[in-house]
Amino acid sequence: MRIACPFCGERDSSEFSYLGDASPKRPNFAVDSPNSPAEIEDAVFDYVYLRANVAGDMREYWYHGGGCRSWLIAERNTVTHEFKSVTAAPGAGAALAGQAGE
Amino acid sequence: MNYSIFSLLKAALSNHQGWTRAWRDPAPKKHYDVVIIGGGGHGLATAYFLAHKYGIRNVAVLEKGWIGSGNAGRNTTIIRSNYGLPGNTGFYELSMQLWERMEQDLNYNTMVSQRGVLNLYHSDAQRDAFARRGNTMRLNGIDAELLDQAQLRRELPFLNYDNARFPIMGGLIQRRGGTARHDAVVWGYARAADKYGVDVIQNCEVTGFVRDNSGRVTGVETSRGTIGAGKVGMAVAGNSSRVASMVDMRLPIESHVLQAFVSEAIKPLIPGVVTFGAGHFYVSQSDKGGLVFGGDLDGYNSYAQRGNMPVMEDVCEGGMAIMPMIGRVRMLRQWGGIMDMSMDGSPIIDKTPIDGLYLNAGWCYGGFKATPASGLVFAHLLARDEPHAEAARFRLDRFRRGAMIDEKGQGAQPNLH
Amino acid sequence: MSGYTETQPLGRTATADGRASPDRSSAANQSHRLANGGLIDRQAPLQFSFDGKSMSGFAGDTLASALVANGVKLVARSFKYHRPRGIMTAGSEEPSALVEMRTGARKEANTRATTQELYDGLVASSQNRWPSLRRDFMAVNSLLSPIFVAGFYYKTFMWPAKFWEKLYEPAIRRAAGLGETAHLPDPDHYDKAWAHCDVLVVGSGATGLSAALAAGRAGARVILCEEDSHIGGRLLSDGGEIDGMPALDWLRRVTDELASLPNVRIMARTAVFGVYDGGDFGALERVNDHVPQPAEHQVRQRLWRIATRRSVVGAGAIERPIVFPGNDRPGVMMAAAVRTYINRFAAMPGKRIAVFTNNDDGWRTVEAVVRAGGEIAAVIDPRGKVPAAYRALADRSGLRVLPGQVVDVKGGVDGVRSITVATGSSTQNIDTDCLAASGGWNPNVALSSFHRGRPTWREDIAAFVPGVSPPGMIMAGAANGDLSLDACLRTGHAAGAMAAAETGAKGKSGNAAKAADEAFAIQPLWQVKAKGKAFVDFQHDVTASDVTLAQREGFESVEHLKRYTTLGMATDQGKNSNVTGLAIMADARGRSIAETGTTIYRPPYAPVAIGALAGHHRDQNFHAWRLTPSHHWAAERGAVFVDTGLWKRAQWFPLAGETDWLQSVKREVLAVRNGVGFCDVSTLGKVDVRGADAGTFLDRVYINGFSKLAVGKARYGLMLREDGIVMDDGTTSRLAEDHYLTTTTTAKAGPVTQHLEFCRQVLWPELDVQLSSATDQWAQFSIAGPRTRDLLINLVDPSEDVSNEGFPFMGVREVMLRGGMKARLFRISFSGEMAFEIAVPARYGEAMARNIMKAGEPFGVVPYGTEALGVMRIEKGHVAGPELNGMTTASDLGLGGMASKKKDFIGRIMAGREALMAPDRQVVVGIKPVDKARRLRSGAHVVPKGAIPGPETDQGYLTSVCFSPVLDHWIALALVERGRERIGEIVRICDPLRNEDYEAEICSPVFYDPEGGRQRA
Amino acid sequence: MPDFTWETQSPLRKALVVGRHGAGTGAAGVTLREVRDIALVQVMARRGQAAATAKAAKKLFGVEPPTSPKAVTAKTATLIWSGADQFLAFAPHSGDEFYAKLADTFAGIASLSDQSDGRCALHISGPRARDAMAKFCALDLHDTVFPVGAAASTAIDHTNASVWRSADEAGEAVYNLLVFTSFSDSLWHMIADAALEYGLDAGHVSAVQ
């Protein structure tokens, strides 16, 4: 299996490691957040533990640790293993991104 | 028809024309007291125990393909109860005790073979971790022995003691551990449940749930029509999230592919189960002579029931690290199963937040050995609406409470368990 | 219909007819060797032995063809009934003729005689028999066959319960298996390699060659793999005419052209065994299986991972048997195999050959026998009439053609003697010593189906053809159900051209070669319904009645059939049996074959040696190793090394006269506690964290704060996982306003780096932070002990102030060393003594070690290893791996107070869950034995004094244990329920594994200098 | 006071046995050299500073650093792409001088990490170099895919490595490897094993001419 790293091109999958579903967004709660502790715990619990675990196309995090050390977001089919797209995480290439965007 | 050497001899006289179906092929009824989704070992064992122990016989087991087509027929057939954490220890020992009497309980030879399960250690730290686990087992009345290298050399002289990258220093062995014939477990439970009147219904895929106004689950939609149910139990392993999504439920589970391999049949080489702790490799030899072996997950979410080369190579490298005499033995088949990897590596057997719907899932790659106990405790939960004493910690809300049962200490990262 | 055509020799292994053989006698002994023809080299006779009997063959032979040439029929015994078996096929699908090859540590089981190339001195023996192949006592199983039906073992051996474990199963296990493999480490080497191409072509018959040529001419990068030693596939056996020339001439022209194309790579002896995701294929090259043993520096086999964009599979078709009583006797062969032995190997499988075929292809075997001067006993074709193309042959040769079925085969261990043929209601016996049978052809759909694509049924050829193939794969030729030579040439060419074009190749593929189209006609015949054992799976002894028994018992799904009867689970993976078995099942159920379907195809296509799958990575080479910068220096001083992760670390440095490790470790610890010692700590992970927001970044990662840490200072930090459990610990130093150096534990360097990159790139892309690993850049040593400062004064440039005031505890700065070397100096302590860590670029690691020795010589400096390091950290109560076990919280470790309340950090919220805050959690405490002479051991459990040990009273366990030289007794750290409330309590320590049970006292985990004065001195 | 001297040591001082190894006796199929005395600095552009970093690099080296997996040879250094926003500057060792010059050039716009001792440099050439490489390197090294000037961050034996192709020598491709110092002893053994069947000529050279 090969994964097309947006920076390196196609590479053997053994260069990559997998984290999982990229859809859940990490909630941020400041120490003085007005939300109730239960709400806060529920939100973080949801992020850390619950998964849609879809059979089909899924956005997920891969790390090109055996290559350019970029975190990547792949769209992949969990039934066929087909990669539909692979893009860089927002902070991979931030030197460029920052320039263009802000 | 009772199975024995006598019935076999008698049948031989009539050229085996007299044998009848091991289980019936019933059409689904309109309603059952309990519908179990999933005709694997766990689902069938649950049905058996519901009928046999809890007197609930109006039960159907719905299987989308042929029974045993999932992980029940894809695992490496190992049975053991060498766990180290409260919750797991007692449960898996209950399972081991049920294995030890399974043939007589079911009148079916499932070939339970207690040839020992050995975990090798390669460092002082690993030895210490095994010592902790082994002592936990002993305090729970489970057999365990810690072997040093000299003892190991006597028992398994063929291991690579002198030239291994990670020196083989000793091992933790559970002699009551071993293997069983996986398909026979499925067939044995199906036949035994069928005898009590349980309907084992194949080629019947669940496509949705029927719910009443209160939200309670009152039946299932299937490829063979709607089937009403007093209670519905899910025992669908790697497909748990798929089925749960039909009621918009997300679970603390990811589905991952685990590969397994078997070699050509060779004359006896390896007596029991050997697990290589510093690599990802475990092996046993089947009664037919094939080396049955496996290793780590492929590592990514998958419903494909097949794996890729890197893990296959990694597993064989592990084999050649500790037993380089298998170099000329040929790998004959590889396959994959979908593991319901939970967030702490331990199972979930509980009511769901939805009335009438019960969950048996999260078995990771350890579901086979749990089969009889899983059936028993899930049947208990379905019958009594309260957890069996040995499954009291396998609650769905344990993650929310922080009461994880994390044998490997890897946290909420299912592919590392 | 063109038959086999005599031709010029092909390459070096062929020879012209009639050339004088240098060893007439060896040929003369080969009773079944034809005088002429074949692609063997009669100039190169080879001696070999089978079951101790010496025989001869020729270069170009397989072991099977040589056995055929020598008239050997009995080659093997079957798995269950130990029935005598012979050679059935001429390819890798062989189910019966498996042998043990070679001897000693190279002994290998189950090698197919049909694929083993003959070499001089080859030693093979039969397997699964005792005491001999002819007289096999286990053949008694055959007498028990009325009982040993499919699944019989599920129904018995249950009583008495104990007997299964003690008696039945051991007996079954002893009888199990086929051949015996060596019990010694495999002495051969293997390796693995990657290859890349645009188009992979699998199979080098007419289809594959056409595809490779079309793709190669177009300019695509092509790899052509052929499992056989020779390129050519069935062309080598069937001949024929292509583009108006003999097929073998065409073959040579094509191989010459392919060889001339720099973008085409031909790999013979290379079996493609699997297709994986993204167009990756696995292939096994048998580099040196055709020689007695590999030359020095050569591998036996090589595993190829071939990355492709497109693939063309021209893997041909496999002839299938007909199920009839006695169809397993030695001498019953596949019709095409008979043709192969005659045409390719010049070996005549019988003196009087009968042919039983339901299709036209079987008639080509008739033709081959006649052409080679053999005798045809009869042709049995249930279709009732001679195919048009063969009428002339039948007439000319006066063939006895019977429109019937073979209903029995008689013979003994040495094979077929006669067959019984039923035509209508009459039967007749025909004497024959070889029955060539053909039930039709199964396209080789394996590669197409490995991604769980289901083959589809094609009525006209009575066979399954590929369904949905994996992405990028084109099936062509016979593998796709195109069974004629012309169709193979045409579809192979088209597939190759299409594949090349799809990868962007722009060249011209030229035209497809042409052949006179052969008719293929078949009338399905799966099973002759007659009395007697008729085999479906030859190796596993699955009979037609086993299949119908399975059906009666409800094992109707083909997967249940397979698992219940073991049909298709033998080493041929059902290549000879699956389709036939399911056809019989379909018949028994009254369903169509299409409805019944096939079982799942699973790789590998042909079995692969585990050694090849491991390659270089075995024994010591299983995993890479990492060496510290002072490794060789330590080795030269006699250090004992220990594996920690991939690192080799000095565990202790024994001195002459020291007899056990504890003695060395005690000495090292006391040298540090009383003087000074040093230890290579380069293995700790080091991450440079730079950028304007480096401090903010660390604040979010660690539970404690770093943004306010002063430049030139270090601080201990603890990081959690998102789930609130401790992930790792280590010190972080601020080297500049925008530069921190973070250390991780040795074990967690990789995972922590990955986690930090995740935080940087995914969670907080808005922060200006750059990370890089500096672990390997630095040789870092901990120098510890009360004389450390004295040593340093000798080591650093006199201008440097290393006094307590000039360089306070937790201070960090760059210093100049004597001799003009810059170093980083960190005043941090793991041992509890006054200590510094000193770092220089790794290339100076050994010089650093030598110079520390030199500077410390007046103070008796000693190098110490990880064991002493561990002792001192336990004495000091520092937690490490055994306590940071992935289940403990900061508060369990006694470090809860470090958590900042002023900022958010990873894991903060989940760490607050009720069960993680519960008062009865197991927390880190110290343990000391009541009897001070008592040795403690890690992994022993803690129960209350006076309690009965059991699950309810199990309150924790000893995590880290050492002998404390300063206290002169064993001590431990432990995780104990409510431990911190129980300091001073006497508890019971239970260690049933090691049969120990004693009392100990719960104490503070800090055994040494609890005030911490020594490290601040 | 004793004299303190600071000799350097190669991480391959045990593994590397200079000379002809493996099969055959003639010209070796693979030539393997350790390149000693190297300077290596990882240059990582700060957030939003990619262009500024490129400009500064151009000023210092006379060439723009690569923005895709390539290696660019300048007079005083080779610049090797090593990841998004970053490159490695590879040069002969010159004490602190090289790093100091870079620190000056990139102050405030890029973060630096000195890797001069963190990596071991290898040089693989010879008619069978690519065959040997195929055993431990998953990259497609075909001329059309990996021509002179191509570079890659990849994994060799599960550890990170940088690979680039420098100018051909005697018509043969030359591959350069940077591997982690602590792994180099192990990787040297593996690479040598891969080359033995083709004949191996092992040795070392200095980057400092």
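The sequence lines fix the lettering, A, B, ..., with proteins before strands; numbering per chain opens at 1. Since the structure is predicted, the reported quantities are computational estimates derived from the model, not experimental observations.
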Among A/Ala55, A/Gly20, A/Ser17, A/Ser14, the residue with the most heavy-atom pairs under 4.5 Å to chain B is A/Ala55
When the 4.5 angstrom heavy-atom criterion is applied to A/Asp42 and chain B, the contacting part is both
Cut-off 4.5 Å, heavy atoms of chain A, and the answer for B/Ile253 is both
CE (B/Met404) and OH (A/Tyr49) are apart, to the nearest 0.5 Å, by 3.5 Å
Output for pair (A/Glu60 CD, B/Glu254 CD), nearest 0.5 Å, gives 9.5 Å
Heaviest contributor of heavy-atom pairs below 4.5 Å to chain A, chosen from B/Leu251, B/Asn239, B/Asp344, is B/Leu251
Okay, B/Ser302 and chain A: the region with an atom under 4.5 Å from a heavy atom over there is both
Whatever's closer than 4.5 Å to a heavy atom in chain A on B/Arg242 counts as side chain
Go through A/Asn53 and B/Tyr303 one step at a time and tell me if the side-chain contact (heavy atoms from CB on, under 4.5 Å) criterion holds.
CA-CA 10 Å; A/Asn53 193 23; B/Tyr303 286 92; 3.2 Å; yes
With distance as the sole criterion, is a donor-acceptor pair present between the side chains of B/Asp298 and A/Tyr18 under 3.5 Å? no
| message | Parallel, tilted or perpendicular, judged at 30° and 60°: which one describes the rings of A/His81 and B/Tyr300? | response | perpendicular
d(A/Asp12 CG, B/Met309 CE) to nearest 0.5 Å is 9.5 Å
So, the part of A/Val54 with a heavy atom under 4.5 Å from chain B: the answer is backbone
Begin with the C-alpha distance, continue with both residues' side-chain angles, and end with the deciding distance and a verdict on side-chain contact (heavy atoms from CB on, under 4.5 Å) for A/Val48 and B/Met343.
CA-CA 9 Å; A/Val48 175; B/Met343 288 287 168; over 6 Å; no
On a heavy-atom basis, the closest approach of A/Thr80 and B/Arg306 is O-NH2, 3.4 Å
Of all heavy-atom pairs linking A/Ala52 and B/Ser241, the shortest is O-CB, 3.9 Å
Output for pair (B/Asn301 CG, A/Asn77 CG), nearest 0.5 Å, gives 11.5 Å
d(A/Arg51 CZ, B/Ser255 OG) to nearest 0.5 Å is 12.5 Å
So, the part of A/Ser13 with a heavy atom under 4.5 Å from chain B: the answer is side chain
So, the part of A/Phe45 with a heavy atom under 4.5 Å from chain B: the answer is side chain
